[in-house]
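In what follows, chains are A, B, ... by sequence order, proteins preceding strands, each numbered from 1.
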Amino acid sequence: MTQLQSLRGMVDLLPEQTCRWQAVESLARQHFQRWGCREIRTPLLEVTELFARGIGEATDVVGKEMYSFQDRGDRSCTLRPEGTASVVRAALQHGLLAQGAQRLWYGGPMFRYERPQAGRQRQFHQIGVEWLGVTSAASDAEVIALAWDLLADLGVDRLALEINTLGTPDDRQLYRSRLVSWLEQHENVLDADSQQRLRTNPLRILDSKNAQTRELLQDAPMLEQSLAADSRSRHQAVLQALDDLSIPYVVNPRLVRGLDYYGHTAFEITSDQLGAQATVCGGGRYNGLIQQLGGAPTPAIGWALGMERLLLVLEAAATANPSGRAASLVQADVPDVYVVNRGEQAHRQALILSRQLRSAGLAVQRDESDSAFGKQFKRADRSGAPVALVIGEEEADRGVVRLKALKSTLSEPGDDQQEDWSINDLGPLIAVLQNGANSERSETTQG
RNA sequence: GCGGGCGUCGCCAAGUGGUUAAGGCAGCGGCUUGUGGCGCCGCUAUUCGGGGGUUCGAAUCCCCUCGCUCGCCCCA
């Protein structure tokens with residue numbers, strides 16, 4: 001293949017996709033703003049140590065998935081594999097936490113060197129929130145509600161919220177030793193991966209997909225039994241708050257997230273339409289991370305939502321319900337006006353007119369060819385524009401433009417409702433076009 | 001990192017050793033030199049991801065390679 005192409009796992013987003021992304025992003029922005037979150041943007045590149053210390057040396061993300069390299073100053077740099085560590089670093093670096101709790105959101109590309117598969121790429125995109133200095137159980141439910149409401153507003157359905165508590169480091173320490181000693185007695189039954197993890201990261205054996213291991217785990221000690229009373233009551237309070245907010249959840253005692261910094265609340269929102277990579281949104285509390293990165297002990301909670309996976313479920317929802325909310329968000333951008341022009345004078349006037357209409361805020365597509373009217377109308381139709389403005393030699397001579405409704409819903413072919421408008425005083429024409437454009441838009445966004 | 005499937009025009013896709021590589025969509029042109037959504041006609045791959053080999057002859061067989069895809073691991 002001599003043709004140059006993108007790196008494996010790095011995908012281009014073409015215009016058909018980008019307009020969907022924009023729709024999702026702008027809706028997400030609205031929600032973040034409503035929930036009191038402010039945006040933070042951090043570099044894509046950080047010193048490797050940030051992730052090694054923040055995410056945990058023993059995790060897969062750090063152990064085998066980072067894009068790391070030495071820069072020209074021989075410093076080890078890494079393309080960020082997730083957002084939380086960077087956000088915390090930035091907050092510490094700029095003393096944000098001295099000003100009280102920070103409710104932040106971020107978005108952008110993340111990089112993990114993995115084999116691509118459905119819903120997984122090497123460069124992927126997340127939007128996420130990090131609430132730093134926020135401690136109450138109610139706030140756990142509140143950040144989850146933010147994700148839940150955003151997804152609901154996007155029209156995405158068939159989602160499930162799974163939640164668990166990981167307790168305190170002490171709780172986990174206690175549980176780990178109980179679990180390991182129990183598993184060691186059954187080591188011969190464990191699959192090879194789990195035997196490995198018995199030494200490296202035993203808690204993660206809990207969400208093994210190996211059937212035999214899963215069956216064995218039925219009788220294994222549960223984390224819950226190692227929880228201190230405080231951890232237990234905290235978890236109950238989070239669940240109570242979710243009940244108060246009428247957010248449905250499933251407590252999954254085997255939910256153990258792969259990043260070391262999580263403790264207490266951990267949760268995932270999954271879809272049954274994503275294949276093996278079912279998690280759309282994942283997050284939890286990380287009360288130890290800020291201290292670990294050199295700050296004062298500060299409680300915090302956050303989540304990240306995978307944009308590519310979100311788009312997949314959004315598209316599935318749009319297909320399932322073509323008149324629903326998701327479908328309206330997935331719709332392609334369409335010009336408000338298509339300008340059909342033919343003849344030299346007509347082209348000159350159309351060029352000027354198009355620009356004036358654009359200045360008035362209209363999305364105008366002008367046919368730059370000089371081909372037959374029939375051809376131009378065909379393209380006008382395909383563009384999806386609700387109306388065409390026609391300038392030919394006749395109109396050019398008379399200083400007018402002809403307005404014609406397109407689209408089968410508005411006029412039948414040959415049903416020739418056309419009006420001439422002066423191009424010397426565009427006010428009335430612009431008013432008519434803007435009116436039409438607005439009603440078009442509200443139709444599509446209200447679905 | 002490990003396993004399965006697959007690579008023919010921008011997209012979908014037939015073809016599985018024999019002269020010029022179906023078809024559909026999209027695109028362009030025409031029927032219609034000023035009016036679209038339908039229809040009809042024409043044009044659009046010397047070439048089958050790339051390289052090498054077998055053969056009189058290969059998109060079709062073999063080897064290598066690159067890429068895509070699904071799954072494992074793990075995560076968004």
Does the structure show Phe377(A) stacking with G36(B), if we require the centres to be closer than 5.5 Å and the planes to be within less than 30 degrees of parallel? no

Looking at A13(B), which nucleotide sits across from it as a Watson-Crick or G-U wobble partner, both distances under 3.5 angstrom, or is there none? none

Lys404(A) to Phe377(A), cation-pi by 6.0 Å centre distance and 45° axis angle: yes

Using the six-membered ring wherever Trp is involved, compare the ring planes of Phe32(A) and Trp303(A) and label them parallel, tilted or perpendicular (cut-offs 30° and 60°). tilted

Can you tell which of G36(B), C70(B), A76(B) lies closest to the side chain of Ala118(A)? C70(B)

Would you indicate what Ala304(A) reaches in the nucleic acid, counting non-hydrogen atoms under 4.0 angstrom: base, sugar-phosphate, or nothing? sugar-phosphate

On RNA chain B, nearest-nucleotide positions of Ile269(A) versus Leu7(A): which is more 5'? Leu7(A)

Considering heavy-atom distances to RNA chain B, does Leu274(A) or Ser369(A) have its closest nucleotide positioned more toward the 5' end? Ser369(A)

State the CD-CD distance between Gln121(A) and Glu308(A), to the nearest 0.5 angstrom. 4.5 Å

Interface polar pairs with nucleotides 25-28 of chain B, N/O, under 3.5 angstrom:
unit_1 : atom_1 : unit_2    : atom_2 : d
G27(B) : OP1    : Arg382(A) : NH1    : 3.0
G27(B) : OP2    : Arg382(A) : NH1    : 2.3
C28(B) : OP1    : Arg379(A) : NE     : 3.3

Would you classify Glu395(A) as touching base, sugar-phosphate or nothing, given that sugar-phosphate means primed atoms plus P, OP1 and OP2, and contacts are heavy atoms under 4.0 Å? base

Let's test this: given Watson-Crick or G-U wobble pairing with both distances under 3.5 Å, identify the partner of A45(B). none

Using a 4.0 Å heavy-atom cut-off, does Gly282(A) contact any base of the nucleic acid, only the sugar-phosphate backbone, or nothing at all? sugar-phosphate

Distance below 4.0 Å between Gln117(A) side-chain N/O and C70(B) OP1 or OP2: no

Sole candidate of Leu45(A), Thr48(A), Leu50(A) that passes side-chain contact (heavy atoms from CB on, under 4.5 Å) when paired with Thr78(A): Thr48(A)

Could you walk me through whether Asp149(A) and His31(A) pass the side-chain hydrogen bond (donor to acceptor under 3.5 Å, both in side chains) test, one step at a time? CA-CA 8 Å; Asp149(A) 287 356; His31(A) 278 263; over 6 Å; no

Just to be sure I understand the rule, does Glu394(A) reach a base, reach only the sugar-phosphate, or reach nothing, if contact means heavy atoms closer than 4.0 Å? base

Please work out if Gly119(A) contacts a base, only the sugar-phosphate, or nothing of the nucleic acid, heavy-atom cut-off 4.0 Å. base

Looking at A76(B), G36(B), G30(B), which one has an atom nearest to any side-chain atom of Arg309(A)? A76(B)

For Glu393(A), report the nucleic acid contact type (base, sugar-phosphate, nothing); a contact means any heavy atom under 4.0 Å. base

I'd like to know if Arg120(A) pairs up with Glu114(A) as an ion pair, taking the criterion as any Lys NZ or Arg NE/NH1/NH2 lying under 4.0 Å from an Asp or Glu carboxylate oxygen. yes

Return the polar atom pairs (N/O with N/O) between nucleotides 1-5 of chain B and the protein under 3.5 Å, or none.
unit_1 : atom_1 : unit_2    : atom_2 : d
C2(B)  : N4     : Arg115(A) : NH1    : 2.8
G3(B)  : O6     : Arg115(A) : NH2    : 3.1

From the list G34(B), G36(B), A76(B), which nucleotide is the closest neighbour of the side chain of Leu259(A)? A76(B)

Answer yes or no: is there an ion pair linking Arg41(A) with Glu39(A), defined by an N-O contact shorter than 4.0 Å? yes

So CG of Leu206(A) and CG of Asn201(A): to nearest 0.5 Å the spacing works out to 10.0 Å

Proximity to the side chain of Arg257(A) - top-ranked nucleotide from C70(B), A76(B), U69(B): A76(B)

Arg342(A) vs G34(B): side-chain N/O to OP1/OP2 distance below 4.0 Å: yes

What's the separation between atom CD in Glu49(A) and atom CG in Leu293(A), rounded to the nearest 0.5 Å? 9.5 Å

Donor + acceptor pair across side chains of Thr279(A), Glu268(A) (<3.5 Å): yes

Does G67(B) have a Watson-Crick or wobble partner in any strand here, with both distances under 3.5 angstrom, and which is it? C6(B)

Counting the atoms with a prime plus P, OP1 and OP2 as sugar-phosphate, which does Gln121(A) contact under 4.0 Å by heavy atoms, base, sugar-phosphate, or nothing? base

